[in-house]
Amino acid sequence: MRQRSAVWALALAVTLSLLTATTPAVSQSLAHDAVIQRKVIGHSVKKRPIVALRLGEPGKRVIVMFAAMHGNETAPSKILHSLADGPPVHGIDLWVVPTYNPDGVARHTRQNARGVDLNRNFPYRWVKLRGTYNSGRKPASEPETRAVMRFLRKVRPSQIISFHQPLYGVDTDTKRPAFARRLARALHLPATSFDCGGVCHGTMTGWYNHRFKGSALTVEYNAHPARARMRQRAPKQLIRVLGASRGR
Ligand SMILES: [Zn+2]
């Protein structure tokens, strides 16, 4: 009997010491993690998951941010990871998709694994394009496009911000030019117009602006933005311009 209680005492001591050892790490990671939901919205051609992270407060205004739609434009993904790793977001219902085109990121290419430019594959003003801007064999031919369309139809953001490189500026040729100009000022980027050299064919922002009540716009950073700008300044600037806040 005495032996058994000694075994129990030892087990309890071990459990307690394990708890004490792990508790600080657990609470720390919770305190710095704004993610309230992780959703796989679909898969790439090579079956890589496309992940959306939900930050902020359900029921508030829905905002969606995308990065790395082009696999060789990955610097702004840091902005979205930094928001997700940071303190809880309040005042908006924010979804971030840091890696829209995981196959392109793995291959360091603009296009997806089938050589399609995902920002020419949407079914609004789609035309057959070849080469760099290969628009796919038909509108929404790519699984990445269909995943994002499904997701956006479901969450219906009032505002989409799509991050790219390296053209440097915020596109004001969009549905809410006043917000675009405000965003440009907030992010210290020029307010400009990206007209795709005439008409934009098959773009995500064009499709969303045309089919839904909400608006979508493109933000372009330069080729090599400073790490501090991506990890620290841009997340703060975005939270402020969207009328949101962060903290416990
Ligand atoms: Zn791009």
Side-chain angles (χ1 to χ4, degrees), residues 41-42 44-45 48 50-52 64-81 95-127 129-136 139-149 151-152 157 159-175 180 183-184 187 189-210 215-226 229-230 234 238:
I41 65 169
S44 65
V45 169
R48 291 187 172 95
I50 302 169
V51 178
V64 174
M65 297 182 190
F66 292 104
M69 182 182 200
H70 294 134
N72 55 351
E73 301 170 8
T74 57
S77 300
K78 293 191 193 91
I79 303 174
L80 306 194
H81 282 302
W95 288 90
V96 298
V97 180
T99 307
Y100 185 127
N101 176 6
D103 293 349
V105 170
R107 300 149 59 102
H108 309 290
T109 59
R110 174 182 178 89
Q111 301 83 0
N112 74 350
R114 282 202 287 244
V116 176
D117 181 341
L118 298 175
N119 210 22
R120 298 293 181 274
N121 189 236
F122 276 78
Y124 176 66
R125 291 187 172 167
W126 183 92
V127 291
L129 299 168
R130 290 172 209 282
T132 303
Y133 305 108
N134 178 352
S135 56
S141 58
E142 304 310 296
E144 295 89 345
T145 306
R146 293 194 298 276
V148 167
M149 287 172 69
F151 173 65
L152 292 176
Q159 184 67 59
I160 296 172
I161 303 176
S162 182
F163 289 99
H164 291 258
Q165 294 172 270
L167 299 180
Y168 203 61
V170 176
D171 191 9
T172 52
D173 186 13
T174 179
K175 209 166 170 178
L183 186 61
L187 295 175
L189 285 168
T192 181
S193 172
F194 303 121
D195 61 2
C196 314
V199 179
C200 293
H201 290 288
T203 63
M204 178 189 68
T205 51
W207 172 78
Y208 196 78
N209 282 329
H210 182 72
S215 70
L217 61 75
T218 301
V219 172
E220 295 255 1
Y221 277 96
N222 54 333
H224 303 288
R229 188 177 195 181
M230 299 291 95
L238 285 164

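What you see below is based on every heavy atom in this structure, not just the backbone, and it leaves out hydrogens, waters and symmetry mates. All values reported here derive from a predicted model rather than from experimental measurement. Atoms within a ligand are numbered from 1 in the order they appear, just like the ligands themselves.
Checking N121 against S141 by side-chain atom types alone, a donor-acceptor pair falls below 3.5 Å.
With a 4.5 Å cut-off on side-chain heavy atoms, R110 and Y133 count as touching.
Between W95 and F151, the ring planes lie perpendicular to each other; the angle is over 60°, past the 30° to 60° tilted range. Ring geometry for H210 against Y124 counts as parallel: the plane angle stays under 30°, on a 0 to 90° scale with 60° as the upper cut.
With hydrogens and angles disregarded, a donor-acceptor distance shorter than 3.5 Å links the side chain of S77 to the backbone of P98.
For the Zn ion (ligand 1), the set of protein N/O/S atoms nearer than 2.8 Å consists of H70 ND1, E73 OE1, E73 OE2, H164 ND1, ordered by chain and number.
Every residue meeting the salt bridge (charged side-chain N to carboxylate O under 4.0 Å, His left out) condition with D103, not counting sequence neighbours, appears here in chain and number order: R48.
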